[in-house]
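Sequential numbering from 1 along the given sequence is applied to the chain's residues.
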Amino acid sequence: MDSAHYWTFGLFHSQSTIAELSGLQLGSVFNTWKPMWVVLLEDGIEFYKKKSDNNPKGMIPLKGSTLTSPCQDFGKRMFVLKITTTKQQDHFFQAAYLEERDAWVRDIKKAIKCIEGGQKFARKSTRRSIRLPETIDLGALYLSMKDPEKGIKELNLEKDKKVFNHCFTGSGVIDWLVSNKLVRNRQEGLMISASLLSEGYLQPASDLSKNAADGIAENPFLDNPDAFYYFPDSGFFCEENSSDDDIILKEEFRGIIIKQGCLLKQGHRRKNWKVRKFILREDPAYLHYYDPAGGEDPLGAIHLRGCVVTSVESNPDGKKSDEENLFEIITADEVHYYMQAATAKERTEWIKAIQVASRTGK
């Protein structure tokens, strides 16, 4: 499993109606989720029962396949993606968190695009392709980059009549790595930065940096003063103009991000449940929710100042359930919002964080 044409590894949960994953006959349905070790190849996806296995349990060909993400076939499961083969066989995978799923989606799409264009998908795993020493701790490096005194300075940068708040340039990242003697030269800095981007420690902000990250170029990170990036929990937002209404609106986004993640949210009209990405800010206290598939603009906002948040034992339709991990937010204007966490622990963490924000925020 150390062949050079492997791009990445990831531990997923998977479900399928085919024999390879379920152990049943072709066409039988076995609705259980099992942890699998998944490997992306240039023309398909192999999955193993465990990382140390030499022989895969099965292989999903990518030629002619379609990818669906986010997949909402399973209302209570987050971060699910679906691959449908030319034989109309559906394969479902669940990542551990949003960034992991999005990284897989991005690179599976690249592999499919290469197959369609007659190109070879030769992206290797980030660590192997740039020959990073196994001793490099990207998490520790990320914390150093965020150090308030010695780290990378977050700026408000303007480009194409837009103001990018709480971000920095690609060349600035390389400058910082070189000046702190963390890399030997700019080329090595470029490789380290690409690894940080791949692992989700850096996010592209401007169109230039986004296009590089989404493309099939040799390096998705740009050593360029016009390529903007930001830290995932920095409070980044983009302004397009400075009208009075926009100033009032953008005030919602000036708070410090204290928690973010995906939850199920019930709609007010149709009462249906959909996965949404939530970002919690304090001072001012707002909970913004977004389409997890992407997009910079929120779908809505909940003003938390003076709100009440509590766990509930039944859903809004009155049906009792001890395992739904529901909680309710009642705003100062008496608007009710119902959310569902993946686990009881996650629900408790969200409730505590919202309670803190509602007391300290404007």
Side-chain angles (χ1 to χ4, degrees), residues 8 97-107 110 123 126-127 129-130 132 136-180 182-183 185-240 250 253-254 256-257 260 277 279 281 288 290 292-298:
T8 187
Y97 49 90
L98 179 65
E99 291 78 8
E100 182 184 44
R101 185 201 65 189
D102 289 348
W104 276 86
V105 168
R106 182 170 59 249
D107 291 291
K110 291 179 187 177
R123 286 283 301 280
T126 300
R127 184 171 291 275
S129 65
I130 62 179
L132 286 181
I136 285 186
D137 187 340
L138 294 178
L141 178 58
Y142 168 72
L143 294 177
S144 298
M145 297 172 76
K146 290 199 64 183
D147 186 275
E149 296 182 359
K150 299 180 180 180
I152 295 176
K153 303 302 180 185
E154 296 181 61
L155 307 169
N156 295 336
L157 302 173
E158 187 172 354
K159 182 70 175 178
D160 298 330
K161 298 182 179 180
K162 295 181 181 180
V163 178
F164 299 84
N165 297 266
H166 302 291
C167 65
F168 39 85
T169 68
S171 56
V173 173
I174 307 300
D175 290 341
W176 184 85
L177 291 170
V178 173
S179 63
N180 283 276
L182 296 170
V183 295
N185 50 54
R186 299 191 74 84
Q187 183 61 31
E188 188 171 282
L190 191 63
M191 295 176 180
I192 295 288
S193 300
S195 182
L196 289 165
L197 182 69
S198 175
E199 298 298 326
Y201 292 110
L202 301 179
Q203 295 291 328
S206 61
D207 291 340
L208 183 62
S209 57
K210 288 179 180 178
N211 290 337
D214 292 338
I216 56 174
E218 181 66 23
N219 200 311
F221 189 90
L222 299 178
D223 182 2
N224 189 315
D226 292 327
F228 300 161
Y229 299 88
Y230 66 95
F231 298 123
D233 55 352
S234 66
F236 165 80
F237 66 95
C238 178
E239 297 175 287
E240 295 197 30
K250 295 302 185 296
F253 300 94
R254 298 192 186 279
I256 300 173
I257 295 178
Q260 58 183 309
K277 178 182 178 181
I279 296 181
R281 294 178 170 89
H288 294 92
Y290 301 75
E296 296 180 358
D297 297 326

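Environment of CD1 in Ile256: sparse, with no more than 12 heavy atoms of neighbouring residues, nucleotides or ligands closer than 6.0 Å.
Taking NE2 of His288 as the reference point, atom CD1 of Ile257 lies at 10.0 Å (rounded to 0.5 Å). Put simply, NZ on Lys162 and CG on Asp207 are 5.0 Å apart, with the number rounded to the nearest 0.5 Å. Between the CG atom of Asp223 and the CD atom of Gln187 there is a distance of 9.0 Å, given to the nearest 0.5 Å. Within the model, atoms OG of Ser195 and CG of Leu202 stand 9.5 Å from one another, a figure rounded to the nearest 0.5 Å.
Of all non-hydrogen atoms in Ala213 and Pro204, the two that sit nearest each other are CB-CG, 4.2 Å. The nearest pair of heavy atoms linking Phe221 to Leu190 is O-CD1, 3.3 Å. Of all non-hydrogen atoms in Pro232 and Gln260, the two that sit nearest each other are O-NE2, 3.2 Å. Taking every heavy atom of both residues into account, Glu188 and Val183 meet most closely at OE2-CA, 3.4 Å.
For Ser209 (side chain) and Tyr229 (main-chain N/O), no donor-acceptor pair under 3.5 Å exists by modelled atom type. Looking only at distances, no side-chain donor or acceptor of Tyr230 sits under 3.5 Å from a matching main-chain atom of Glu154. The closest donor-acceptor contact from the side chain of Asn224 to the backbone of Asp226 lies under 3.5 Å.
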Verdict with reasoning, Ile192 to Leu196, per side chain to side chain contact (heavy atoms under 4.5 Å, CB included): CA-CA 6 Å; Ile192 295 288; Leu196 289 165; 4.2 Å; yes
CA sep, side-chain torsions, deciding dist, call: Leu208, Leu222, side chain to side chain contact (heavy atoms under 4.5 Å, CB included): CA-CA 9 Å; Leu208 183 62; Leu222 299 178; 3.7 Å; yes
Derivation and outcome, side chain to side chain contact (heavy atoms under 4.5 Å, CB included), residues Met145 and Val173: CA-CA 9 Å; Met145 297 172 76; Val173 173; 3.9 Å; yes
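Relative ring orientation between Phe228 and Phe164 is described as perpendicular, the plane-to-plane angle rising above 60° on a 0-90° scale split at 30° and 60°.
Applying the side chain to side chain donor-acceptor pair (under 3.5 Å) rule to pairs touching residues 140-153 yields Tyr142-Asp233, Lys146-Asp233, sequence neighbours excluded. Sequence neighbours left out, the pairs with a member in residues 165-176 that pass side chain to side chain donor-acceptor pair (under 3.5 Å) are Asn165-Glu239, Thr169-Ser171, Asp175-Arg186.
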